[in-house]
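Labels below follow one simple rule: chain letters A, B, ... track the order of the sequence lines, proteins then strands, and each chain is numbered from 1.
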Amino acid sequence: MQGKKPTLLKGTRDFAAPQVFRRNYIFDTIRHIYQKYGFLPLETPVLEHLTTLTGKYGEEGDQLLFKILNSGDFLEGVDSHTKDYKTLLPQIAAKGLRYDLTVPLMRYVAMNKDKLIFPFRRYQIQPVWRADRPQKGRYREFYQCDIDMVGASSLLCEAEILVMIHEVLLQLGIKDFTIHMNHRDVLKSLATLGGATNQEGALCVTLDKLDKVGKDKVLEELKGKGFSPAALERLLFIFDLPATQVDRWPILTKQLGLTQKGMQDMQKILDYVHALGLEEPSITLDPTLARGLSYYTGTIFEVKMKHTNWGSLGGGGRYDGLTDIFGLTGVSGVGFSFGLDRLYSVLEALDLFPSSMGSTTQVLLANLDPASEKWTLKALTTLRTNDIRAEIYPAVVKLKKQLQYAHKRQIPFVAIIGEEEHAAGVITLKDMRTRTQQQYSLEQMLQELS
RNA sequence: GUGAUUGUAGCUCAGUUGGUUAGAGCGCUGGUUUGUGGUACCAGAGGUCGCGGGUUCGAGUCCCGUCUAUCACCCCA
């Protein structure tokens, strides 16, 4: 035994069969519903030009990008006196792993604007990578299930996505969720109220922690950031909003003004949601929600489980001008993304996975001796031709071992075709669960197994 | 990137105030004679005590560093 023990790269995981089956169950559910809403799949490369990726996620996002070292002698032509990594980086790395699926989509849309049919509806289920420090429910490699409508500014897009989120979650058996909704305009108004028009980011990031750290800490933090007592006074109403969105509405419209664009937009969206047949949507207006500030320009939403501190199940919003940087202007879009791993955790914690999942072998053919192997192989082929999942034990070992193997693999049937059986023209079929066995003809066995 | 905790057989862990050949349970392999699995019994394999330094006559046990995992912050799915 030589060599070091292999380990997994930080933040990555292997998925064994049971997990793969469960993950596929989620993928299939989402894919089916996405398609039902008229969205078509898109897949893009894992690697993109670093220039495509950088600058889209803010300073922090750039740091979380995995960069790929240039091939060959990557030091060739590099100024050896360069010590600043920001100037060195582009010289030694020109490629990177995608950080999300939205930016690759924008790149794709800009590149194919003449071929695409707008409004462009696409979904994309692929892994993304972030050099984040792993934590509970956070990995460096994880799957996003994106859905986007590009080239349509109607608020109907938002509404459709919200309804679809409901359908996916309910289909998976998740009931106790809330979609938090906010609007970039509301955040702006709050910043103005707080006398921090040019400090919107700082205000939002702090407000967003409300449900996590509580009112007092948020106020304290805002004080620390230089917000005046008078300004904070004007923002106090946010902290004592009623729980239901119906009750929140009048308070928010009063404080922010009826003509506030964000409020009007959200009202329209909710009207559409009702028109789409969702009587009691699990949607809450949450003026403290602040996500994706680096590119969302309109609505913002996020799905969370009620009464838990689990991370969000997904998030999205409207973005204007994301394609600008790729040379395509005036395009608005709305997108949303489910985090596969988050959904997985919830389904697991709530025991919502269907009990029977995956497919194990139905019948194991025992391998008794070289002579019997021949006719056993014949039976094996017949079984497979009849679409029965079958395998032969690939070595002549004691029957006891073969039965143990079947037991461990949870294979329900073991077929034994030894000399006795061959001479009598039968097959002994053992039912591992009842521990009984019976002799059948090949035909009868096929019936028994199908 | 910041802070905290952690690391002993495949897994879950013991391991006394630093002292001889590091243990248990589960699992694993083989056996309890001929073609029969969940139990029982018997036997066996498997550890450079994360890695690297240091203190000491002597370190799994103390100190420093490093890596890993976990948790929180930042940010986010």
Side-chain angles (χ1 to χ4, degrees), chain A residues 1-2 4-13 26 30 57-65 85 99-102 125-146 201-202 204-206 208-209 212-213 217 221 289-296 300-305 309-316 335-346 364 366-369 372 376 393 396-422 428-437:
Chain A
M1 289 286 279
Q2 294 217 331
K4 286 179 182 169
K5 279 186 191 173
T7 56
L8 280 173
L9 210 51
K10 189 199 286 287
T12 65
R13 300 151 296 159
I26 300 175
I30 291 176
Y57 315 103
E59 180 96 4
E60 307 232 2
D62 287 353
Q63 292 200 320
L64 297 181
L65 284 169
Y85 86 97
Y99 176 92
D100 70 0
L101 301 177
T102 307
I125 300 177
Q126 288 191 282
V128 301
W129 292 267
R130 295 183 190 176
D132 208 356
R133 201 174 273 204
Q135 219 178 111
K136 197 206 305 221
R138 298 177 97 168
Y139 306 94
R140 288 187 147 185
E141 176 184 60
F142 60 97
Y143 271 74
Q144 289 194 321
C145 311
D146 268 46
C204 295
V205 166
T206 308
D208 189 59
K209 296 179 193 166
K212 216 170 183 181
V213 300
K217 292 226 168 162
E221 192 172 321
L289 175 66
R291 275 304 121 97
L293 294 178
S294 55
Y295 57 68
Y296 289 140
I300 304 171
F301 23 83
E302 179 166 72
V303 183
K304 288 179 184 168
M305 291 301 287
N309 57 351
W310 299 343
S312 70
L313 300 185
F336 178 82
S337 179
F338 274 116
L340 182 272
D341 303 277
R342 298 289 172 79
L343 288 172
Y344 188 101
S345 307
V346 171
L364 172 76
N367 196 342
L368 297 177
D369 54 78
S372 306
T376 301
Y393 196 91
V396 177
V397 297
K398 289 182 181 172
L399 183 60
K400 178 176 178 163
K401 280 207 66 167
Q402 303 191 37
L403 288 168
Q404 281 176 347
Y405 170 81
H407 179 245
K408 282 188 220 162
R409 286 274 315 274
Q410 295 185 30
I411 296 172
F413 292 98
V414 175
I416 300 163
I417 316 171
E419 280 179 51
E420 299 168 23
E421 283 83 2
H422 185 243
T428 300
L429 187 65
K430 173 162 183 141
D431 185 327
M432 296 295 282
R433 294 159 302 187
T434 60
R435 304 172 72 83
T436 58
Q437 63 188 47

Just N and O in the side chain of [X]: are any of them under 4.0 Å from OP1 or OP2 of [N]?
{"X": "A:Lys401", "N": "B:rG30", "value": "yes"}
{"X": "A:Gln402", "N": "B:rG37", "value": "no"}
{"X": "A:Lys430", "N": "B:rG35", "value": "no"}

I'd like a table of atom pairs between the protein and nucleotides 38-40 of chain B - only N or O on both sides, under 3.5 Å - with the distance next to each one.
from: B:rG38; atom 1: N7; to: A:Arg435; atom 2: NH1; distance (Å): 2.9

Let's see if you can work this out: which of [options] has an atom nearest to the side-chain heavy atoms of [X]?
{"X": "A:Lys408", "options": "B:rC28, B:rU70, B:rA77", "result": "B:rC28"}
{"X": "A:Lys10", "options": "B:rG35, B:rU68, B:rC76", "result": "B:rU68"}
{"X": "A:Arg130", "options": "B:rG37, B:rU29, B:rA77", "result": "B:rA77"}
{"X": "A:Arg138", "options": "B:rU29, B:rG35, B:rC75", "result": "B:rC75"}
{"X": "A:Phe142", "options": "B:rA77, B:rC28, B:rU36", "result": "B:rA77"}
{"X": "A:Leu403", "options": "B:rG37, B:rC75, B:rA77", "result": "B:rG37"}
{"X": "A:Arg342", "options": "B:rC74, B:rU36, B:rA77", "result": "B:rA77"}

Margin query: A:Asn367: which residues meet the side chain to side chain contact (heavy atoms under 4.5 Å, CB included) condition with it, sequence neighbours left out?
Written below: A:Glu373, A:Ile392, A:Tyr393, A:Val396, A:Gln402
Next item on the list: Check RNA chain B for consecutive Watson-Crick or G-U pairs with both distances under 3.5 Å and list the runs of at least three as stems.
Entry: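 As far as RNA chain B goes, consecutive pairing (with distances under 3.5 Å) yields the stems B:1-5 with B:69-73, B:10-13 with B:23-26, B:28-32 with B:40-44, B:50-54 with B:62-66.
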Checklist line | With A:Phe338 via ring pair (Phe, Tyr, Trp, His ring centres under 6.0 Å) - residues at least two apart | finding: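 With sequence neighbours excluded, A:Phe338 shows a ring pair (Phe, Tyr, Trp, His ring centres under 6.0 Å) to A:Phe336, given in chain and number order.
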Notebook entry, point to check: Between A:Gln144 and A:Thr434, which has a closest nucleotide on RNA chain B that is more 5'?
Noted result: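 Nearer the 5' end of the strand: A:Thr434.
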Dump every N/O contact between nucleotides 3-12 of chain B and the protein below 3.5 Å, one line per pair.
from: B:rG3; atom 1: O6; to: A:Arg133; atom 2: NH1; distance (Å): 3.3

Margin query: Would you say NZ of A:Lys217 has more than 12 non-hydrogen atoms from neighbouring residues, nucleotides or ligands within 6.0 angstrom?
Written below: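 Result for NZ/A:Lys217: open.
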Can you list, pair by pair, the side-chain donor-acceptor contacts under 3.5 Å of residues 131-139 of chain A, counting residues two or more places apart and other chains?
from: A:Asp132; atom 1: OD2; to: A:Arg138; atom 2: NH2; distance (Å): 3.0

